[in-house]
Amino acid sequence: MIDTHAHLHFPQFDKDREEVIKECEQKLAAVVTVGCNIDDSINAVNLARKHHFIYASAGIHPHDASNYSLDIKDKLREILSDDKVVAVGEAGLDFYRNLSPKEKQEEIFRLQIELSREIGKPIIIHTREASHEMSEFIKKEMEGVKGIIHCFNGDTELLETALKNGFFISYAGPVTYPKNEALRETLKKVPSSRLLVETDSPYLSPQKKRGKRNQPTYVAYTVKTIADYLDLNFTDVDRITTVNAKRIFGLPMTKEESEPKLVYKVRNNLYINLTTKCPCNCVFCFRGKENYVLGYNLKLDREPIAEEYMYRIKNPGIYDEIVFCGYGEPFERFDTLIKVAKWAKKMGAKKIRVNTNGLVYLITGRENVLDEFKAVVDTFNVSLNASNPEEYYKVVRPSFGNGSFESVIKFIIDAKEKGFNVIISAVNIEGFNKEAFKSLARKLDVDYRIREQKIV
Ligand code: SF4
């Protein structure tokens, strides 16, 4: 786990800082201690220099903006040049407490945006009662700047703007508060590749520690809440947020974290990533935009042979399900898919599922393929995303053109008739007709899944 936003150098830790740091070293991969003005940033850097796993950021908080003018830029640049400094900030706008005049806050924020762009380190953004103004800044003045929305508050305009502009979203203790259901809801829209966690300690203790001083190790409570909400395991959210923190801050990554994955575990399922090829171009697909999914790099740079998958799967029987999925269409590698699936079944796989766009007949040019999967594959999850041809061609945009929708429907009917478990799935994009999709599922006599669209 990485606490991407703490203030370990603050006076609230003076009495027991070394003890807290020792506990952090045992339980966390890294902590970023965040500076709020020039002297405070120097304190943050000094602390980071003493501990290998602590990093610092340097910047001027909007509350402190009125104490500075534009001639602070050189000094701030000098602090930011330290190797242990991984980000600019915390910087931003706070129109709730208004401790600095609005224009002053904007001037000092602008200065830090320029520094972030110049030195290539991300900017950590604080925003309170200023979501609209911050969205405007992101749209108009932050092109080419990498950023993190710290302690995200749930504002949908800000979320949409930040994600569309490549920003990362960091959740803190408030996501654990029972009344914050609307904030938790936003988790469904954040791609796994942009999710971060933080404590903002010594402030904002999570629900289980409310009333006590917060500390970086309590980030685990936020990880647990997010895992429960997204129906993932704790280790999944731990991996996802750790890898993301390393990516945004440029921290060293292990080979395991950086290399493309052929197989990857999520919950107790093992996913098999066969290819990045797909004959479709779904409007919501982020293949080509994001290499990381659920904490794994899925951007294969080659097409591995079946034996490489078998070597990595090792013991298929220990997983709840083996799922052919990944970052492309599994049927694009028909021979490898069937070889690995047959081997996995023989080796004791409990269940095998293929997540597919259902265009196998057009991909292979054959219509008798299903018999080959009998007694091997249990479930086909067909990503259909539409209830009629018109909607399908608009959303899925298959390269085969006309006849594709009918071909997928035929595959679904055939698979159902041959005794496979079939699920049709869709992403709930704007204008999607849920009721029509449910009615199609009933007509085809198959289960359905509808998931929220992630913003990219
Ligand atoms: S079918 Fe899947 S991989 Fe292919 S474009 Fe659509 S979402 Fe992307």
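Atoms within a ligand are numbered from 1 in the order they appear, just like the ligands themselves. Model, not experiment: these values are computed from the prediction.
Two rings, from F249 and Y55, have their centers 6.0 Å or more apart.
Looking at S387 and E391, their side chains do bring a donor and an acceptor atom within 3.5 Å of each other.
For atom 6 (Fe) of ligand 1, the nearest non-hydrogen atom from the set G288, C282, P330, S383 comes from C282.
Shortest contact from atom 4 (Fe) of ligand 1 to any protein heavy atom: C278 SG, 2.3 Å. Given atom 8 (Fe) of ligand 1, the protein heavy atom at minimum distance is C285 SG, 2.4 Å.
Annotation: cation-pi geometry satisfied between K314 and Y311 (NZ/CZ under 6.0 angstrom from ring centroid, within 45° of ring axis). Judged by the 6.0 Å distance and 45° axis criteria, R210 is positioned over the aromatic ring of Y177.
Taking 4.0 Å as the cut-off, R287 counts as a neighbour of ligand 1 on heavy-atom distance. The shortest heavy-atom distance from F286 to ligand 1 is not under 4.0 Å.
Contact atoms of ligand 1 toward F284: 7 (S) (distance under 4.0 Å to a heavy atom of the residue). Short contacts between ligand 1 and C280, defined as distances under 4.0 Å to a heavy atom of the residue, involve ligand atoms 5 (S).
For the ring pair (Phe, Tyr, Trp, His ring centres under 6.0 Å) criterion with F373, the lone passing option out of F420, F411, F324, F331 is F331.
One finds the NZ atom of K339 at 13.0 Å from the OH atom of Y309 (value rounded to the nearest 0.5 Å).
Under the 4.0 Å distance rule, the nearest protein heavy atom to atom 2 (Fe) of ligand 1 falls outside the cut-off.
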